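Below, all heavy atoms of this structure are taken into account, side chains as well, without hydrogens, waters or symmetry copies. As the structure is a computational prediction, the values presented were derived from the model and not from experiment.
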Amino acid sequence: MEHTIHGLIKKRGEIAGQHKVALRAADALKADLDAIDRTLVLCGYQDDPKGIAPRGKYKQLFGRNELKLTVRDMLRVAPADDETLTLQIIAKKGWDSSFHADVLKRVRDALQRQQKDGRVVQNFGPSGCLWRIK
(Lines give C-alpha, C1' and ligand atoms only; values in the text may rest on other atoms or scores of the structure.)
Protein backbone atom coordinates (compact mmCIF):
# COMPACT_ATOMS: atom_id res chain seq x y z
CA MET A 1 0.00 0.00 0.00
CA GLU A 2 2.92 2.35 0.70
CA HIS A 3 4.18 1.92 -2.86
CA THR A 4 0.77 2.93 -4.20
CA ILE A 5 0.64 6.04 -2.02
CA HIS A 6 4.20 7.01 -2.96
CA GLY A 7 3.37 6.54 -6.66
CA LEU A 8 0.22 8.63 -6.38
CA ILE A 9 2.08 11.41 -4.55
CA LYS A 10 4.71 11.46 -7.28
CA LYS A 11 2.08 11.47 -10.05
CA ARG A 12 0.11 14.26 -8.35
CA GLY A 13 3.26 16.38 -8.15
CA GLU A 14 3.89 15.87 -11.88
CA ILE A 15 0.34 16.81 -12.82
CA ALA A 16 0.39 19.84 -10.49
CA GLY A 17 3.58 21.00 -12.24
CA GLN A 18 1.98 20.58 -15.67
CA HIS A 19 -1.08 22.48 -14.45
CA LYS A 20 1.09 25.35 -13.20
CA VAL A 21 2.86 25.58 -16.58
CA ALA A 22 -0.48 25.48 -18.42
CA LEU A 23 -1.86 28.31 -16.24
CA ARG A 24 1.19 30.45 -17.01
CA ALA A 25 0.75 29.78 -20.72
CA ALA A 26 -2.96 30.66 -20.48
CA ASP A 27 -2.10 33.89 -18.64
CA ALA A 28 0.41 34.81 -21.36
CA LEU A 29 -2.21 34.16 -24.08
CA LYS A 30 -4.75 36.28 -22.16
CA ALA A 31 -2.23 39.13 -21.95
CA ASP A 32 -1.61 38.86 -25.71
CA LEU A 33 -5.36 39.00 -26.39
CA ASP A 34 -5.74 42.07 -24.17
CA ALA A 35 -2.89 43.82 -25.98
CA ILE A 36 -4.42 43.05 -29.38
CA ASP A 37 -7.84 44.25 -28.16
CA ARG A 38 -6.32 47.57 -27.02
CA THR A 39 -4.52 47.94 -30.36
CA LEU A 40 -7.74 47.28 -32.30
CA VAL A 41 -9.50 50.03 -30.33
CA LEU A 42 -6.59 52.42 -30.95
CA CYS A 43 -6.81 51.66 -34.67
CA GLY A 44 -10.50 52.58 -34.73
CA TYR A 45 -12.18 49.17 -34.45
CA GLN A 46 -15.77 49.92 -33.37
CA ASP A 47 -17.13 46.48 -32.37
CA ASP A 48 -16.36 44.47 -29.25
CA PRO A 49 -13.13 42.52 -29.90
CA LYS A 50 -14.39 39.72 -27.65
CA GLY A 51 -17.06 39.09 -30.31
CA ILE A 52 -14.41 37.90 -32.78
CA ALA A 53 -14.82 34.12 -33.04
CA PRO A 54 -11.85 31.96 -32.07
CA ARG A 55 -10.26 30.05 -34.91
CA GLY A 56 -8.53 26.72 -34.89
CA LYS A 57 -5.70 25.61 -37.09
CA TYR A 58 -6.70 24.27 -40.50
CA LYS A 59 -5.69 20.65 -40.89
CA GLN A 60 -4.46 20.09 -44.43
CA LEU A 61 -5.44 16.58 -45.42
CA PHE A 62 -5.06 16.85 -49.17
CA GLY A 63 -2.61 18.42 -51.55
CA ARG A 64 -3.58 21.08 -54.06
CA ASN A 65 -6.46 19.78 -56.24
CA GLU A 66 -5.94 16.26 -54.85
CA LEU A 67 -9.46 15.87 -53.48
CA LYS A 68 -11.12 17.38 -56.54
CA LEU A 69 -9.22 15.10 -58.90
CA THR A 70 -9.73 12.04 -56.69
CA VAL A 71 -13.48 12.61 -56.56
CA ARG A 72 -13.61 13.13 -60.32
CA ASP A 73 -11.61 9.94 -60.97
CA MET A 74 -13.93 7.94 -58.70
CA LEU A 75 -17.00 9.30 -60.47
CA ARG A 76 -15.52 8.31 -63.84
CA VAL A 77 -15.59 4.70 -62.65
CA ALA A 78 -19.21 4.81 -61.43
CA PRO A 79 -21.76 7.27 -60.06
CA ALA A 80 -21.65 7.43 -56.26
CA ASP A 81 -23.07 9.29 -53.31
CA ASP A 82 -20.97 11.50 -51.05
CA GLU A 83 -20.86 8.88 -48.28
CA THR A 84 -19.47 6.21 -50.62
CA LEU A 85 -16.87 8.61 -51.98
CA THR A 86 -15.83 9.51 -48.45
CA LEU A 87 -15.40 5.89 -47.39
CA GLN A 88 -13.39 5.11 -50.53
CA ILE A 89 -11.09 8.08 -49.94
CA ILE A 90 -10.54 7.15 -46.29
CA ALA A 91 -9.73 3.57 -47.30
CA LYS A 92 -7.43 4.73 -50.09
CA LYS A 93 -5.52 7.00 -47.69
CA GLY A 94 -5.40 4.31 -45.01
CA TRP A 95 -6.97 6.56 -42.37
CA ASP A 96 -9.20 5.47 -39.51
CA SER A 97 -12.83 6.43 -39.03
CA SER A 98 -11.94 9.48 -36.90
CA PHE A 99 -11.43 11.41 -40.16
CA HIS A 100 -14.92 10.56 -41.47
CA ALA A 101 -16.80 13.75 -40.55
CA ASP A 102 -13.99 16.04 -41.75
CA VAL A 103 -13.50 14.19 -45.04
CA LEU A 104 -17.27 14.00 -45.66
CA LYS A 105 -17.57 17.79 -45.28
CA ARG A 106 -14.66 18.33 -47.67
CA VAL A 107 -16.06 15.84 -50.21
CA ARG A 108 -19.44 17.62 -50.13
CA ASP A 109 -17.73 20.99 -50.60
CA ALA A 110 -15.68 19.61 -53.52
CA LEU A 111 -18.82 18.18 -55.14
CA GLN A 112 -20.69 21.47 -54.74
CA ARG A 113 -17.83 23.43 -56.31
CA GLN A 114 -17.60 21.00 -59.22
CA GLN A 115 -21.38 21.14 -59.69
CA LYS A 116 -21.17 24.93 -59.81
CA ASP A 117 -18.39 24.62 -62.43
CA GLY A 118 -20.58 22.26 -64.47
CA ARG A 119 -18.29 19.23 -64.13
CA VAL A 120 -20.61 16.97 -62.10
CA VAL A 121 -24.37 16.62 -61.75
CA GLN A 122 -26.70 15.10 -59.19
CA ASN A 123 -29.07 12.29 -60.02
CA PHE A 124 -31.93 11.70 -57.61
CA GLY A 125 -33.14 8.13 -57.81
CA PRO A 126 -34.66 5.46 -55.63
CA SER A 127 -31.36 4.94 -53.80
CA GLY A 128 -30.95 8.64 -53.04
CA CYS A 129 -28.62 11.24 -54.52
CA LEU A 130 -25.87 9.97 -56.80
CA TRP A 131 -23.20 12.18 -58.31
CA ARG A 132 -21.88 11.55 -61.80
CA ILE A 133 -19.58 13.22 -64.33
CA LYS A 134 -21.45 15.56 -66.65
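Residue T86 holds its OG1 atom at 8.0 Å from CG of L111, rounded to the nearest 0.5 Å. The distance from atom CD1 of I36 to atom SG of C43, rounded to the nearest 0.5 Å, is 11.5 Å.
With side-chain heavy atoms closer than 4.5 Å counting as contact, directly or through intermediates, L104 stands alone and belongs to no larger hydrophobic cluster.
Annotation: salt bridge (charged side-chain N to carboxylate O under 4.0 Å, His left out) contacts involving residues 44-54, sequence neighbours excluded, comprise D37-K50. Sorted by first and then second residue, the side-chain hydrogen bond (donor to acceptor under 3.5 Å, both in side chains) pairs involving residues 103-112 (not counting sequence neighbours) are Y58-R106, D82-R108, D102-R106, K105-D109.
Residues F99 and L87 do not share a hydrophobic cluster, defined by chaining ILVMFWY side chains whose heavy atoms lie under 4.5 Å apart.
Side chains of D81 and T84 form a contact here, defined as non-hydrogen atoms less than 4.5 Å apart. The closest side-chain heavy-atom distance from F124 to L130 is not below 4.5 Å. V121 is not listed as a side-chain neighbour of Q115, based on a closest heavy-atom distance of 4.5 Å or more. Residues I52 and L40 are in side-chain contact: their nearest non-hydrogen atoms beyond the backbone lie under 4.5 Å apart.
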Without placing hydrogens or testing angles, list every side-chain donor-acceptor pair under 3.5 Å for residues 59-77, not counting sequence neighbours.
| from | atom 1 | to | atom 2 | distance (Å) |
| --- | --- | --- | --- | --- |
| Q60 | NE2 | F62 | O | 3.1 |
| N65 | OD1 | K68 | NZ | 3.4 |
| E66 | OE1 | G63 | N | 2.7 |
| E66 | OE2 | K93 | NZ | 2.7 |
| T70 | OG1 | E66 | O | 2.6 |
| R72 | NE | Q114 | OE1 | 3.2 |
| D73 | OD1 | R76 | NH1 | 2.8 |

Indicate every side-chain donor-acceptor pair of residues 4-30 with a distance under 3.5 Å to a residue at least two apart or in another chain.
| from | atom 1 | to | atom 2 | distance (Å) |
| --- | --- | --- | --- | --- |
| K30 | NZ | D34 | OD1 | 2.9 |

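Residue Q122 comes nearest to C129 through the heavy atom pair NE2-SG, 3.3 Å, listed as atom of the first residue, atom of the second, then distance.
For the side chain to side chain donor-acceptor pair (under 3.5 Å) test, residues two or more places apart in sequence or in another chain that qualify with S98 are D96.
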key: Check against side chain to side chain contact (heavy atoms under 4.5 Å, CB included), W131 and N123   = CA-CA 6 Å; W131 292 90; N123 281 350; over 6 Å; no
